[in-house]
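Numbers restart at 1 for each chain; the letters A, B, ... are given by sequence-line order, proteins then strands. Model, not experiment: these values are computed from the prediction.
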There are 2 protein chains.
Amino acid sequence: MANEREVTIYDIARELNISATTVSRGLQDHPTISKKTKKKILELADQMGYRSNHFARSLRNQKTNTFGIIVPRLNSHFMSSVIAGIENAANEQGFSLLIAQSSESSVKEASSARTMFDSRVDGLLVSLAVDTTELTHFDNFFKKNIPVIFFDRVQQHESSVNILIDNRQAAYNATRHLIEQGCRKIIHITAPAVQNVYKDRLKGYKEALSDHKIKFREDYVLITNLSQEAGATAAQTILQMKPMPDGIFVANDSCAIGCMLAMKEQGIRIPEDIAFVGFNNDPVTQVIAPNLTTINYSGYEMGQVAARHLINHVRDVSFISSTNTIILRSELIIRASSLRKGSK
Amino acid sequence: MANEREVTIYDIARELNISATTVSRGLQDHPTISKKTKKKILELADQMGYRSNHFARSLRNQKTNTFGIIVPRLNSHFMSSVIAGIENAANEQGFSLLIAQSSESSVKEASSARTMFDSRVDGLLVSLAVDTTELTHFDNFFKKNIPVIFFDRVQQHESSVNILIDNRQAAYNATRHLIEQGCRKIIHITAPAVQNVYKDRLKGYKEALSDHKIKFREDYVLITNLSQEAGATAAQTILQMKPMPDGIFVANDSCAIGCMLAMKEQGIRIPEDIAFVGFNNDPVTQVIAPNLTTINYSGYEMGQVAARHLINHVRDVSFISSTNTIILRSELIIRASSLRKGSK
DNA sequence: TTGAAAATTGCAACCGATTGTGTTATTTAT
DNA sequence: ATAAATAACACAATCGGTTGCAATTTTCAA
């Protein structure tokens, strides 16, 4: 079972009695090679089982045909949808993916970025860790003009594109929905306003309140890490408030779930006592009783859009990088957790 | 913002008035280079911001320092844990990861394998798609002696290693638990016995029945695709059985959940009317009411073990490949979905 | 038939790192 | 002090493909 040597363009050239140059050009469909020669090359290449050597090509071209992806975690429905979308668009165009997770740590994020940089990826797709406050660890990329696209959890940077939803509007709709269901004392559970995902959601929440003449209360905003456990902890805090709040808008589903479970355990009725709205439309929202009202948006699509944009950017040198932000659609999905009988 | 040229070993060599050979060897900590020279090289390299060129090195070494991973889906808690584990072990040793998902299609799996092959990964970690019946699409790897490790969803192959849990035993324990809870008419919902994960679970189920003098009934085994929707469909089938079964062992959690939800909707009480046991210990098992009894095993660990094994295999030429199968620990976690009051 | 434009194809350098072999400098032994 | 052994480093070929420019062949109008 000895390793047979790989077939190279030189082997093909020798066989055909032409130069490696011609083979190389023939394989690339270069216009100066005659159709006849091209055909011969292609056929023989196929027959001999030729496969191009990425490294030789990358070494010469200074291009890798690989994108790096850095996400906080892989294990959410949303993120794996995004990756599926990216994969779909990237594979279609012959790009490979190098994937890393930051585990919500900006330190790990920086180290992954470094790895990606050293791997010479042609572009980077990033959703930021929750504690990432600045983007200096991407400076390498910016300096070398390697395109970086941020999605979902983004931050403004002059030389990169952001792809996300209108978090302010989505949060506004969520909050307004709670208000329309008769809620007046509405809690907002979210993460530190470092990421503007959360900043914007808070803004939307505030605006909805204000538009309905409900006074914003600082103590109604609970800052957590949005984990399921954090939801349970928040529940304890909320249950001790007097008077008891009657609505909760949580900035993600799993935290909302944690909160709901803890409340249910205390005998709180949902939505009668407290109505809930989450964010992301994770499948678990349809497992919990009552089903969780939430904001839905397509990770798959976001991934596709991000990848396609990146591909365009890489392919087209003259790509007009005036695009700064791309906003995708999102919608409120109303389920039992927020539907109060006898309301309005 | 012009792209500055990369620093190469030649630049370092010129600066230090030594040869590139020495720089290369110095960087590799080669024994024939004096400590003094090494130190100088390392320092200057660092100072000049040198980073080694993967491609040049790969081209020369015929090694990529990259592993390929192919999994059915990324969006399960289990799989993302596995990947986290792999990432942890691989990064530690300086390996990069190329990740692809087969979406449970052996066709996509084959195409991903091809991509990985063309990318010249040094090794492959695979969890098979549910409909993969043969491994010919990995022949390329086998032929070239590129190590392939299968995990969780495995198939026997003379030249590859399998890493998994004892599915037969786990299923046996799950079924025995149901029997001990007083169940006598126990359904098993699973996938086609193409993957021996499912074959073994079925075997364990049968053995537990037989050991407790319960007759195995062919019609109590429901073959599905194990999706949540399939669980709901299965529920309808089961509800029409007379007499009604009193226990269900499902080969994964999300299908179990789908089934439970559909049953609850029909007013079936769990576990009083029907007891449930799932498989995987997905977080959602602790969201559903009642919480789902399930089989727990660590994806993270499985990933680490798989990656470490692969690294050893790649590093050590003389690695004794007598290892064929590695079995990891698993355990039954008993929760409310199967705990019947008043039973034994 | 001839000369020039157009169409094809080849030469050779280059991308950056690695390594077998040879060379020079330094020790050690005699 | 001199031969022999050892340490430290350099030469040059190699991995496989790409590309500017030159060389050759074909085509076609005059």
**Asked** Between atom CG in B/Asn53 and atom P in D/dC15, what is the gap in whole Å?
**Response** 18 Å

**Request:** Measure the distance from NE2 on A/His30 to P on C/dA7 and round it to the nearest whole Å.
**Result:** 14 Å

**Aromatic B/Phe117 / basic A/Arg51 pairing, under 6.0 angstrom, 45° off normal** = yes

**Asked** Quick one: is D/dC9 close enough that its OP1 or OP2 comes under 4.0 Å of any side-chain N or O from B/Ser34?
**Response** yes

**Asked** For D/dT14, does either OP1 or OP2 sit under 4.0 Å from a side-chain N or O belonging to A/Tyr10?
**Response** no

**Message:** Using the side-chain heavy atoms of A/Arg60, tell me which of these nucleotides is nearest: C/dT21, C/dA13, C/dG10.
**Reply:** C/dA13

**Message:** Over all strands shown, is B/Ser58 touching base, sugar-phosphate only, or nothing at heavy-atom distances under 4.0 angstrom?
**Reply:** nothing

**Asked** Over how many whole Å does the gap from B/Asn61 atom CG to C/dG20 atom P extend?
**Response** 11 Å

**Prompt:** In terms of side-chain heavy atoms of B/Ala56, which of D/dA8, C/dT9, C/dA17 is nearest?
**Reply:** C/dA17

**Contact nearer the 5' end of DNA chain D, comparing A/Arg25 with B/Leu59** = B/Leu59

**Prompt:** Would you say C/dT18 has OP1 or OP2 under 4.0 Å from some side-chain N or O of B/Arg57?
**Reply:** yes

**Message:** With no hydrogens and no angle check, just 3.5 Å: does a side-chain donor-acceptor pair link A/Thr22 and A/Ser19?
**Reply:** yes

**Backbone of A/Ala129 reached by a side-chain donor or acceptor of A/Glu109 within 3.5 Å** = yes

**Message:** I want to check one thing: is the phosphate of C/dA17, taken as OP1 and OP2, less than 4.0 Å away from some side-chain N or O of B/Ser52?
**Reply:** no

**Complete:** note: A/Gln28, atom CD; D/dG20, atom P; distance rounded to Å ~ 11 Å

**Asked** When you check the phosphate oxygens OP1 and OP2 of D/dG16, does a side-chain N or O of B/Gln62 lie under 4.0 Å from one of them?
**Response** yes

**Request:** Taking only the side-chain nitrogens and oxygens of A/Ser24, find out if one of them lies under 4.0 Å from OP1 or OP2 of D/dT18.
**Result:** yes

**Item:** Rounded distance (Å) that lies between atom C1' of D/dG16 and atom CD of A/Glu6
**Value:** 11 Å

**Request:** Under 4.0 Å between any heavy atoms, over every strand shown, what does A/Ile9 touch: base, sugar-phosphate, or nothing? Just pick one.
**Result:** base

**Item:** Separation of atom NZ in B/Lys38 from atom P in D/dA8, rounded to whole Å
**Value:** 9 Å

**Length of the NZ-P vector between B/Lys39 and D/dC9, whole Å** = 14 Å

**Request:** Between C/dA17, D/dA10, D/dG16, spot the one nearest the side chain of B/Ser19, thanks.
**Result:** D/dA10

**Request:** By nearest nucleotide on DNA chain D, pick out whichever of A/Arg51 and B/Asn17 is the more 5' one.
**Result:** B/Asn17

**Item:** Spacing of B/Lys36 atom NZ relative to D/dC9 atom P, expressed in whole Å
**Value:** 8 Å

**Message:** Is it the case that C/dT18 (base atoms only) and B/Thr21 (side chain only) share a donor and an acceptor within less than 3.5 Å, ignoring hydrogens and angles?
**Reply:** no

**Prompt:** Looking for any heavy atom pair under 4.0 Å, which part of the strands does A/Ile18 touch: base, sugar-phosphate only, or nothing?
**Reply:** sugar-phosphate

**Asked** Is any side-chain N or O of A/Thr22 closer than 4.0 Å to OP1 or OP2 of C/dG10?
**Response** yes

**Prompt:** Between B/Ser24 and B/Thr21, do the side chains contain an N or O donor and an N or O acceptor separated by less than 3.5 Å?
**Reply:** no

**Request:** For A/Met79 and A/Val71, work out which heavy atoms get closest and say how close.
**Result:** SD-CG1, 3.8 Å

**Polar side-chain atom of B/Thr64 near backbone of B/Arg120 as donor-acceptor pair, under 3.5 Å** = yes

**Message:** Among C/dG16, C/dT21, D/dG16, which nucleotide has an atom closest to any side-chain atom of B/Thr8?
**Reply:** C/dG16

